[in-house]
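See structure below.
Sequence lines set the chain letters: A, B, ... in the order given, protein chains first and strands last, and positions in each chain run from 1.
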Protein chains: 2
Amino acid sequence: MSVTLADVAARAGVSAATVSRVLNGNYPVAGSTRSRVLRAVDELEYVVNGPASALAAATSDLVGVLVNDIADPFFGVMASAIQSQIGPAGDHDAEAPHGQKMAIICNTGGSPERELTYLTLLLRQRAAAVVLTGGTVEDPEHLGALATRLRRLEAGGTRVVLCGRQPLTAATDGAAAPGAAPGGAHGPEEDPGPAPVALTFDNFGGARRLTTHLLDLGHRRIGYLAGPAARTTTRQRLDGHRAALAAAGAAGGEAGTPEAERLTVHGGYDRASGYDGALELLRREPGLTAVVAANDTVALGACAALRERGLRIPEDISVAGFDDLPFAIDAAPALTTVRIPLHEAGARAGRLALGREEAPAGRTATLPADLMVRASTAPPRP
Amino acid sequence: MSVTLADVAARAGVSAATVSRVLNGNYPVAGSTRSRVLRAVDELEYVVNGPASALAAATSDLVGVLVNDIADPFFGVMASAIQSQIGPAGDHDAEAPHGQKMAIICNTGGSPERELTYLTLLLRQRAAAVVLTGGTVEDPEHLGALATRLRRLEAGGTRVVLCGRQPLTAATDGAAAPGAAPGGAHGPEEDPGPAPVALTFDNFGGARRLTTHLLDLGHRRIGYLAGPAARTTTRQRLDGHRAALAAAGAAGGEAGTPEAERLTVHGGYDRASGYDGALELLRREPGLTAVVAANDTVALGACAALRERGLRIPEDISVAGFDDLPFAIDAAPALTTVRIPLHEAGARAGRLALGREEAPAGRTATLPADLMVRASTAPPRP
DNA sequence: CTGTTAGCGCTTTCAA
DNA sequence: TTGAAAGCGCTAACAG
């Protein structure tokens with residue numbers, strides 16, 4: 001814990017600079033010198049001092065990954081995929097962990113403040129890159145603060161990648177008008193620079209296809225268990241759902257109408273919300289023939305509530321989820337849902353974060369969301 | 001990205017040392033000076049340089065968390081709980097992220113080499129603490145290398161906490177005899193020091209209770225889907241299972257006997273292993289009346305295979321899991337399993353890692369594993 | 001309570 | 001191809 005570069009240099013009979021060059025391998029060094037240094041490193045069991053090199057080099061080998069909740073497989077799968085591109089690969093030598101990056105996973109719990117706090121913390125670590133996963137709150141003030149932080153990060157050389165989230169500019173239109181920065185910003189106006197790279201999910205399209213599937217089966221009274229209001233993911237999925245309803249002229253397709261409100265219950269992205277929400281939906285509309293949930297976890301909660309009410313799935317009522325998390329296929333019955341390519345997205349985001357993959361044209365790519373028809377949906381009873 | 005302590009000091013009309021003291025709040029500073037400094041920090045949008053302070057203070061505010069697979073809720077839940085104790089709490093001010101620690105989550109994929117690599121990386125980051133979650137490979141050589149790394153970490157002031165893993169000394173008995181260090185160690189023999197704090201799960205007891213439950217129901221032909229061989233968790237659970245069988249004089253209770261081998265299939269901790277394993281078990285013993293899986297995920301895979309074979313659960317065959325992950329209760333039928341207090345364990349490990357909780361007596365605490373009887377187990381058909 | 005003074009261990013010009 | 005030297009930005013004695 002106290003052998004330094006200088007010690008290695010002394011033992012190898014070279015200067016500290018040379019040792020540094022050998023270790024970083026970014027500079028020509030004679031073969032014999034090189035092996036002498038490596039031997040000394042080995043004999044002394046030398047381990048680089050990360051903070052010291054980060055200070056000197058003005059960049060660390062840390063990559064921040066922001067997630068809402070790492071216990072939720074939705075984020076767990078993405079985080080794992082991101083990590084797989086960033087961390088030590090299986091084939092690396094345990095004795096030569098050079099140039100290895102490490103992922104700092106930050107649980108925001110969906111809280112905008114904590115999102116900002118973590119970004120500041122990452123800024124202070126001089127993170128090499130930051131990946132923000134999942135949707136965020138659509139509040140213009142938060143979006144403004146977020147944009148400011150990201151700009152600072154990028155100005156400091158940190159790569160920023162959005163994974164499963166709209167680019168900020170798109171989200172900021174409308175309410176967050178141009179002109180004066182929203183309250184709180186008192187720093188100099190920095191150059192916006194290029195927008196962060198974004199990988200988005202086709203939440204809207206997936207939701208629309210899912211509800212269309214239900215409509216095609218003959219359902220007309222469809223309840224919707226939405227996620228927390230004012231979050232991008234929630235809104236996109238709800239919009240897609242309503243677009244399908246509207247296209248079919250079904251009830252609840254017109255946003256803002258009493259009918260649409262009546263058939264929509266907002267809650268969290270957790271099981272309890274699905275359980276409670278399904279009950280509420282049933283109270284509002286006893287003639288319900290189908291329930292669409294904001295995600296698979298919510299759908300499972302809904303299934304549990306429905307079943308306890310004596311309703312069979314899908315005979316009495318159809319239920320559909322979203323995301324196609326690993327457990328969806330093992331639900332009872334297997335859940336009809338929309339597959340989000342979480343793993344692919346995470347892996348790609350990880351590569352983008354390291355600059356190992358070219359940014360997509362327009363700096364944004366939308367990943368497909370495919371309908372997975374399984375056993376939990378069926379035609380309504382005649 | 002370039003305003004430094006000195007800039008703040010200049011603006012506030014004080015010395016850099018004073019600014020440092022204000023920011024770290026670990027030293028008396030006059031109220032007026034304090035607010036002047038804080039104002040300057042604010043106006044300049046100053047952000048501490050983490051690497052620089054880590055270098056100077058010889059410790060960083062990073063906490064390493066090693067997991068097998070963050071996409072697996074077993075680890076996700078623990079990681080989330082650990083994080084909740086380490087990272088910014090909800091009530092913290094976003095503008096004052098001082099003294100905040102951050103968790104570096106390292107996915108080892110269950111690979112011993114990567115476990116070591118990450119430990120080295122964490123050593124190089126001068127991590128404030130390291131939490132190792134879940135079981136590990138029981139290979140004496142790996143255990144030796146692991147112990148060496150952990151000793152170095154502790155020697156450098158890093159707190160080490162094991163969460164869901166046996167203390168190394170206990171695991172090292174038997175094969176890894178005292179005396180010469182296993183191959184590869186060529187450093188000076190350091191003082192072993194105190195063993196790391198460990199929080200372990202009562203895998204053995206939980207498994208025994210689970211199988212006893214099955215035996216009480218009348219089952220006698222019970223198949224076991226074990227996890228990867230040579231891992232602590234796998235062995236403890238299998239041992240508990242066999243202990244229950246042996247106590248009841250049932251088939252397969254005697255480790256090493258052909259009967260025990262025949263009724264045990266080793267695989268991974270994933271769904272596919274459960275699926276394949278269940279089929280294999282059925283091939284070996286068509287008269288099977290129950291299947292016990294190494295964990296819930298494996299159990300779900302087994303359920304799927306069994307169902308495809310036309311077997312009803314629990315009427316034709318009982319199935320049980322382990323861990324009681326969130327989805328277990330929503331399986332079809334609800335899974336009988338053993339509840340592991342993942343959240344509590346993680347939270348406690350997090351507090352131990354920060355030194356915010358006293359180590360348990362003997363530096364090791366075993367957390368209970370309670371049997372959760374649900375619908376997937378029932379008496380065998382007469 | 002505050003300032004001065006040395007480093008912490010590494011990277012990186014600039015020379016040789 | 002290698003070495004010398006000057007910091008990177010912060011903390012921590014030690015004075016005052």
Side-chain angles (χ1 to χ4, degrees), chain A residues 1-38 40-41 44-62 98-99 121 123-128 156-157, chain B residues 1-38 40-41 44-62 98-99 121 123-128 156-157:
Chain A
M1 200 68 272
S2 47
V3 22
T4 72
L5 243 207
D7 298 331
V8 176
R11 174 141 193 154
V14 299
S15 74
T18 301
V19 177
S20 169
R21 295 196 264 252
V22 169
L23 259 22
N24 293 305
N26 51 8
Y27 218 81
V29 173
S32 62
T33 314
R34 200 185 130 72
S35 49
R36 209 140 31 88
V37 168
L38 256 16
V41 164
L44 262 23
E45 296 190 323
Y46 170 68
V47 174
V48 181
N49 181 317
S53 69
L55 171 59
T59 179
S60 73
D61 41 13
L62 299 173
H98 298 301
L121 250 16
L123 184 61
R124 126 171 160 190
Q125 294 296 343
R126 303 314 192 243
Chain B
M1 201 69 272
S2 48
V3 21
T4 72
L5 241 207
D7 298 329
V8 176
R11 174 142 194 153
V14 298
S15 74
T18 300
V19 177
S20 170
R21 294 197 265 252
V22 169
L23 258 24
N24 293 305
N26 51 7
Y27 220 78
V29 173
S32 62
T33 314
R34 202 185 129 72
S35 49
R36 210 140 31 88
V37 168
L38 256 17
V41 165
L44 262 25
E45 296 191 323
Y46 170 69
V47 175
V48 181
N49 181 318
S53 68
L55 171 59
T59 177
S60 72
D61 41 12
L62 299 173
H98 299 301
L121 251 15
L123 184 61
R124 126 170 159 192
Q125 294 296 342
R126 304 309 192 247

- Given atom CG of B:L5 and atom P of D:dG9, what is their separation to the nearest angstrom? 10 Å
- Query: For B:T33 and C:dT2, is the shortest distance between a side-chain N/O and OP1 or OP2 below 4.0 Å?
  - Reply: yes
- Message: From CZ of B:R36 over to P of C:dC1, roughly how many Å is that when rounded to an integer?
- Response: 14 Å
- Message: Measuring from the side chain of A:A30 (C-beta onward, heavy atoms only), which nucleotide among D:dT1, D:dG9, C:dC10 has the closest atom?
- Response: D:dT1
- Message: Taking CZ in B:R34 as the centre, count heavy atoms belonging to other residues, nucleotides or ligands within less than 6.0 Å. Is the count above 12?
- Response: no
- side-chain hydrogen bond (donor to acceptor under 3.5 Å, both in side chains) contacts in which one or both residues fall within residues 3-14 of chain A, not counting sequence neighbours: A:R11-A:E43
- Query: Among C:dG7, D:dT1, C:dC10, which nucleotide sits nearest the side chain of A:P28?
  - Reply: D:dT1
- Task: Just compare C:dC10, D:dA12, C:dC8 and give me whichever is closest to any side-chain atom of B:A17.
- Result: D:dA12
- Message: Any side-chain N or O of B:T18 below 4.0 angstrom from OP1/OP2 of C:dG3?
- Response: yes
- Note on the structure: Contacts of B:A57 and A:Y27 projected onto DNA chain C by closest heavy atom; the upstream (5') one is B:A57
- What's the CZ-P distance between B:R126 and C:dC10, to the nearest Å? 7 Å
- Item | Interatomic distance, A:R34 CZ vs D:dT1 P [rounded to whole Å] | 13 Å
- Message: I want to verify a distance call: between C:dT11, D:dT2, D:dC8, whose nearest atom is closest to the A:L55 side chain?
- Response: D:dC8
- Query: Mapping A:N26 and B:S32 to their closest nucleotides on DNA chain C, which lands nearer the 5' end?
  - Reply: B:S32
- Quick one: closest heavy-atom pair of B:Q125 and B:S60, and the distance? O-OG, 3.2 Å
- Phosphate-side-chain proximity, A:S15 and D:dG3, N/O vs OP1/OP2 below 4.0 Å: yes
- Message: Taking only side-chain N and O atoms of B:S20, does any of them lie within less than 4.0 angstrom of OP1 or OP2 on D:dT11?
- Response: yes
- If you take atom types as modelled and just measure distance, does the side chain of A:R21 reach the base of D:dG3 with a donor-acceptor pair under 3.5 Å? yes
- How far apart are the closest heavy atoms of A:L5 and A:A16, and which atoms are they? CD1-O, 3.7 Å
- Should A:N24 be listed as having a side-chain N or O under 4.0 Å from OP1 or OP2 of C:dT11? yes
- Message: Please classify the nucleic acid contact of A:V14 as base, sugar-phosphate, or nothing, using heavy-atom distances under 4.0 Å.
- Response: sugar-phosphate
- Just compare C:dT2, D:dG9, C:dG9 and give me whichever is closest to any side-chain atom of A:N49. C:dG9
- For the pair A:R36 (side chain) and A:A12 (backbone), establish whether a donor and an acceptor sit closer than 3.5 Å, ignoring hydrogens and angles. yes
